[in-house]
Enquirer: 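Here it is: the structure, laid out below.
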Amino acid sequence: MPIKKSSVLLSLPCLVLLMVPDALAQEGTDWLSKERFQLRGRVVGVLPDGDGHVSGTALKTDVGDAVTPEVDLTYFLTNAIGLEIIAATAQHEIYANASNLGNTWILPPTVTLQYHFMRDQKFSPYIGAGLNYSWFYGEDDGARFDDLDVSGGFGYALQAGFDYWINDHWGLNFDAKYIDLDVDVDVNSGGTALSADDVELNPFIIGAGVSYRF
């Protein structure tokens, strides 16, 4: 029997959460210590899939890639387990076959629970899993289309990356995320309402930048 993608996505956050209780038991109570915080600045490529179809037609959907700056904050619950939240926004073109339906901005707050394998070493890899909510705003209609609207939605996030520390405070970072996210797209064409439900946005977010620890 094939393994469902949703089952895999649900199990990964649970596996990370299983690591928390034992690690927390070994930690002190200095919850506001500056050493618990880490900042990063990255340039990320947002590479969506965009596969879907317009209901009642043979039109296939697609979503363009984007490059944008991103900042994030990580709070370390323990020396190895951290919570990361990202802040970024990007603009994407939306297509139905060769027709440009317009563009929209996406604001995708994402929180991941991370496990850092060797935080005290120069090379410090990590994995993470968490939750994303993507909010779409600033829709701009393409030629011959109007009233473009893209729905927001929740999705699971998976993450892997590493820091390479140059000194005690500064390091280089590489990070890759996958977000499992479906959205609905609505637009009008010459008075005809067109809808594409459950468009598989499913973006990979690949980034590189700098890390700073206090």
Side-chain angles (χ1 to χ4, degrees), residues 5-48 66-90 106-134 154-181 201-214:
K5 179 173 66 173
S6 59
S7 298
V8 175
L9 292 170
L10 283 169
S11 66
L12 285 169
C14 294
L15 289 173
V16 177
L17 284 170
L18 287 174
M19 304 174 187
V20 173
D22 289 341
L24 284 176
Q26 302 172 20
E27 293 293 311
T29 57
D30 55 337
W31 300 111
L32 295 180
S33 170
K34 67 181 187 299
E35 287 78 17
R36 290 184 179 271
F37 294 89
Q38 182 174 317
L39 295 171
R40 294 192 186 93
R42 305 186 185 107
V43 175
V44 299
V46 185
L47 314 175
V67 176
T68 190
E70 177 205 276
V71 294
D72 71 69
L73 172 68
T74 301
Y75 175 80
F76 282 90
L77 298 168
T78 74
N79 189 56
I81 297 174
L83 281 173
E84 180 195 77
I85 184 168
I86 70 168
T89 189
I106 180 174
L107 183 68
T110 304
V111 178
T112 55
L113 183 66
Q114 303 171 331
Y115 185 81
H116 294 250
F117 293 96
M118 300 179 293
R119 189 182 170 204
D120 297 327
Q121 304 298 314
K122 276 187 172 294
F123 177 72
S124 177
Y126 57 85
I127 58 172
L131 189 65
N132 161 271
Y133 181 81
S134 290
F154 285 96
Y156 293 102
L158 305 177
Q159 178 183 32
F162 66 85
D163 291 305
Y164 183 82
W165 295 104
I166 300 170
N167 56 40
D168 289 341
H169 297 291
W170 291 98
L172 303 176
N173 175 260
F174 175 82
D175 186 88
K177 293 183 181 72
Y178 170 79
I179 298 175
D180 184 74
L181 176 67
L201 204 59
N202 299 350
F204 283 93
I205 303 174
I206 311 298
V210 296
S211 297
Y212 181 82
R213 57 186 178 186
F214 295 89

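Throughout, numbering of the chain's residues begins at 1 and tracks the sequence.
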Enquirer: CZ of R36 to OG1 of T74: how many Å apart, nearest 0.5 Å?
Expert: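 OG1 of T74 is found 13.5 Å from CZ of R36.
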
Enquirer: By side chain to side chain donor-acceptor pair (under 3.5 Å), which residues pair with S211, not counting sequence neighbours?
Expert: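 Per chain and number, S211 pairs via side chain to side chain donor-acceptor pair (under 3.5 Å) with R40, D163.
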
Enquirer: Do side-chain atoms of T112 reach the backbone of Q114 as a donor and acceptor pair under 3.5 angstrom?
Expert: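 Not a single qualifying donor-acceptor pair exists.
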
Enquirer: Measure the CD1-CG distance between I106 and L181 for me, rounded to the nearest 0.5 Å.
Expert: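 Answer rounded to 0.5 Å: 6.5 Å.
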
Enquirer: Check T89 against T68 and note the closest heavy-atom contact, atom names and distance.
Expert: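 In terms of heavy atoms, the two residues are closest at O-OG1, 2.6 Å.
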
Enquirer: F123 vs F162 aromatic rings, parallel, tilted or perpendicular, using cut-offs 30° and 60°?
Expert: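 Tilted, since the angle between the ring planes falls between 30° and 60°.
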
Enquirer: Can you spot which of Y126, Y212, W165 makes a side chain to side chain donor-acceptor pair (under 3.5 Å) with N173?
Expert: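 Testing each of Y126, Y212, W165 against N173, the sole residue satisfying side chain to side chain donor-acceptor pair (under 3.5 Å) is Y126.
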
Enquirer: To the closest 0.5 Å, what do you measure between CG (L113) and CD1 (I81)?
Expert: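 Those atoms lie 6.5 Å apart.
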
Enquirer: If I compare all heavy atoms of P69 with all of A88, which pair ends up nearest, and what's the gap?
Expert: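 P69 and A88 have their closest heavy atoms at O-CB, 3.7 Å.
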
Enquirer: With rounding to the nearest 0.5 angstrom, report the NZ to CG distance, K177 to N132.
Expert: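 One finds 10.5 Å between NZ of K177 and CG of N132.
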
Enquirer: Passes side chain to side chain contact (heavy atoms under 4.5 Å, CB included), V111 versus L131? Steps please.
Expert: CA-CA 6 Å; V111 178; L131 189 65; 5.8 Å; no

Enquirer: Once you round to the nearest 0.5 Å, how far does CZ of F204 lie from CD1 of I179?
Expert: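 With rounding to 0.5 Å, CZ (F204) is 11.0 Å from CD1 (I179).
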
Enquirer: For residues V67 and V43, determine if any side-chain heavy atom of one lies less than 4.5 Å from a side-chain heavy atom of the other.
Expert: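 Side-chain contact under 4.5 Å: yes.
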
Enquirer: Who are the salt bridge (Lys or Arg N to Asp or Glu O under 4.0 Å) partners of R42, not counting sequence neighbours?
Expert: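 In terms of salt bridge (Lys or Arg N to Asp or Glu O under 4.0 Å), with neighbours along the sequence ignored, R42 is linked to E70, D72, E84, D175.
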
Enquirer: Are the side chain of R213 and the backbone N or O of D168 linked by a donor-acceptor pair below 3.5 Å?
Expert: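 Yes, R213 side chain to D168 backbone: donor-acceptor pair under 3.5 Å.
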
Enquirer: For Y164, enumerate each residue passing the ring pair (Phe, Tyr, Trp, His ring centres under 6.0 Å) test, keeping only those at least two apart in sequence or located in another chain.
Expert: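 Expected list: none.
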
Enquirer: Rounded to the nearest 0.5 Å, what separates atom CG in N79 from atom CD in E35?
Expert: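 Result: 11.0 Å between the selected atoms.
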
Enquirer: Write down the atom of G207, the atom of V44, and the distance for their closest heavy-atom approach.
Expert: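 That closest heavy-atom pairing would be CA-CG1, 3.7 Å.
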
